[in-house]
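Everything below concerns the one structure shown next.
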Amino acid sequence: MKTIVAFLVGLLFGIGLIVAGMSNPAKVLGFLDLAGAWDPSLALVMGAAVAVGMAGFAVARRRKVSLLGEPMQIPASRAIDRPLVIGSALFGIGWGLAGICPGPALTLLGTGAPKGVVFVLAMFAGMALFSLLQRRN
Amino acid sequence: MTIDWANFTPGTALAGGALLGFAAVLLLVFNGRIAGISGIAGGLLQAGARGDKAWRLAFVLGLVAAPVLYRVFAALPEISIEADWLVLVVAGLLVGFGSRYGSGCTSGHGVCGLSRLSPRSLVATLTFMAAGFAAVYVVRHLLA
């Protein structure tokens, strides 16, 4: 059941990305280009997502188990450390270079765009590198 | 700064954003999980409990299937990838490695983290936004 829910939520999330315009890298770059002709749309995407999320999370986090009986796995770490900042900075540079972050990358894969396929392969390679280094330490 | 009114799409931005927030809440309410795409996808590559992989793969497949389903009902919006192949590979590596090292991306830190008022996610979000703005500035205005 939780696998079916995960698929449906992934689907809904992907539809949301397409409707929002985030599956178009050119639009994302239009938002990140403050010094050019700036398209503020994605600020509204984030605003609406957080507004809905805040209301839902406020209710959901009071639960001890999920509706399907799963443990509520909400991150407990509060550390603002080097991996958080360096990792986020590297991610942001990559995001700015292509206009693609992980969610839209996967929806791009579904459009069959060859450049989307290449980006996703590189992204998984980067993730695999992280897992490899983590296993060594 | 000039506003690009021609490409400003407030209606679909708000509607799409609301869907993203709603999807994140559903995953938490039903599965007890944070809808962080880099964490969910990256978890597929981790050595770990085998029972933990199926839902991750299902979520990823849902994202991949979204444009296929969308196309059944409407024409997909324009998709334009400006970056050339080499830049795409470098960007993909940075996005994959960076989002895992920083424990999240636009969804996990941006949508979910800010929704639950996590200071850690706020720092991450401000950092990747600033880095994204800087990268675009360098590429479009200093190197171009």
Side-chain angles (χ1 to χ4, degrees), chain A residues 2-3 5-7 9-16 19-20 24-26 32-33 35 37 39 41 44-45 48-50 52-54 56-57 60 66-67 70 72 80 83 87-98 101-103 106-107 109-111 115 119 122-123 126-128 130-131, chain B residues 4 7 9 13-14 16-21 23-32 37-38 42 45-46 54-55 58-59 62-64 66-67 70 79-81 83 88-89 91-102 105-107 111 114-116 123-124 127-128 131-132 135-136 141:
Chain A
K2 71 170 179 175
T3 308
V5 169
F7 177 78
V9 172
L11 198 58
L12 184 66
F13 202 95
I15 300 283
V19 171
N24 182 8
L32 290 176
D33 189 4
D39 174 3
S41 303
L44 297 185
V45 175
V50 171
V52 173
M54 259 186 192
F57 275 50
S66 78
L67 287 178
E70 300 288 327
M72 300 296 278
I80 292 169
S88 297
L90 293 176
F91 159 53
I93 293 169
W95 188 36
L97 287 178
C101 55
L106 294 166
T107 57
L109 190 63
T111 68
K115 281 187 167 177
F119 184 90
M123 180 177 86
M127 289 177 167
F130 167 80
S131 294
Chain B
D4 183 5
N7 285 314
T9 50
L14 289 170
L19 280 179
L20 297 177
V25 172
L26 286 180
L27 195 67
L28 186 67
V29 169
F30 280 94
N31 287 12
I37 314 301
S38 56
L45 305 169
Q46 294 280 82
W55 76 272
F59 187 93
L63 275 171
V64 176
Y70 191 96
I79 287 168
S80 164
I81 305 177
L88 273 178
V89 170
L93 286 169
L94 285 169
V95 166
F97 183 83
S99 62
R100 294 293 286 143
Y101 192 45
C105 59
T106 351
S107 49
V111 176
L114 296 188
S115 290
R116 58 190 188 86
V123 170
T127 305
F128 67 65
V136 171
H141 302 283

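Values reported hereafter were calculated over all heavy atoms of this structure, with side chains retained and with hydrogens, waters and symmetry mates removed. Residue numbers begin at 1 in each chain, while the letters A, B, ... track the order of the sequences.
For the set A:Cys101, A:Ser88, A:Ala89, the count of heavy-atom pairs under 4.5 angstrom toward chain B peaks at A:Ser88. Among the candidates A:Leu32, A:Leu109, A:Leu97, A:Val52, the residue making the largest number of heavy-atom pairs closer than 4.5 Å to chain B is A:Leu32. For the set B:Val136, B:Asn31, B:Leu88, the count of heavy-atom pairs under 4.5 angstrom toward chain A peaks at B:Asn31. Listed options B:Leu45, B:Leu27, B:Val89 were ranked by heavy-atom pairs under 4.5 angstrom with chain A; first place goes to B:Leu45. The choice from A:Ala26, A:Ala20, A:Pro83, A:Pro25 that makes the most heavy-atom pairs within less than 4.5 Å of chain B is A:Pro83. For the set B:Leu114, B:Leu26, B:Ile79, the entry with the most heavy-atom pairs within less than 4.5 Å of chain A is B:Ile79. Ranked by non-hydrogen atom pairs under 4.5 Å with chain A, the options B:Ile81, B:Thr127, B:Leu19 are led by B:Ile81. The most heavy-atom pairs under 4.5 Å with chain B, out of A:Ala128, A:Gly110, A:Ala60, come from A:Gly110. Heavy-atom pairs under 4.5 Å with chain A peak, among B:Ala124, B:Ser99, B:Ser80, B:Ala18, at B:Ser80.
Taking the six-membered ring where the residue is Trp, B:Phe59 and A:Phe13 present tilted rings, their angle falling between 30° and 60°.
Residues B:Trp55 and A:Val5 have side chains not in contact (no heavy-atom distance under 4.5 Å, counting atoms from C-beta outward). Using a 4.5 Å heavy-atom threshold, the side chains of A:Ser66 and B:Leu28 count as separate. The shortest side-chain heavy-atom distance between B:Val95 and A:Phe119 falls under the 4.5 Å cut-off. Proximity of B:Ser38 to A:Met123: side-chain heavy atoms (C-beta onward) are nowhere separated by under 4.5 Å.
One finds the CZ atom of B:Phe97 at 7.0 Å from the CG atom of A:Leu90 (value rounded to the nearest 0.5 Å). We find the CG-CD1 distance between B:Leu63 and A:Ile15 to be 10.0 Å, quoted to the nearest 0.5 Å.
Closest heavy-atom contact between A:Ser41 and B:Thr9: OG-N, 3.0 Å. Closest heavy-atom contact between B:Ala23 and A:Val9: O-CG1, 3.3 Å. When all heavy atoms of B:Ser115 and A:Met54 are compared, the closest pair comes out as O-CG, 3.2 Å.
No donor-acceptor distance shorter than 3.5 angstrom exists from the side chain of A:Lys2 to the backbone of B:Gly32, with no hydrogens or angles considered.
In the displayed structure, B:Phe30 atom CZ is contacted under 6.0 Å by at most 12 heavy atoms of other residues, nucleotides or ligands.
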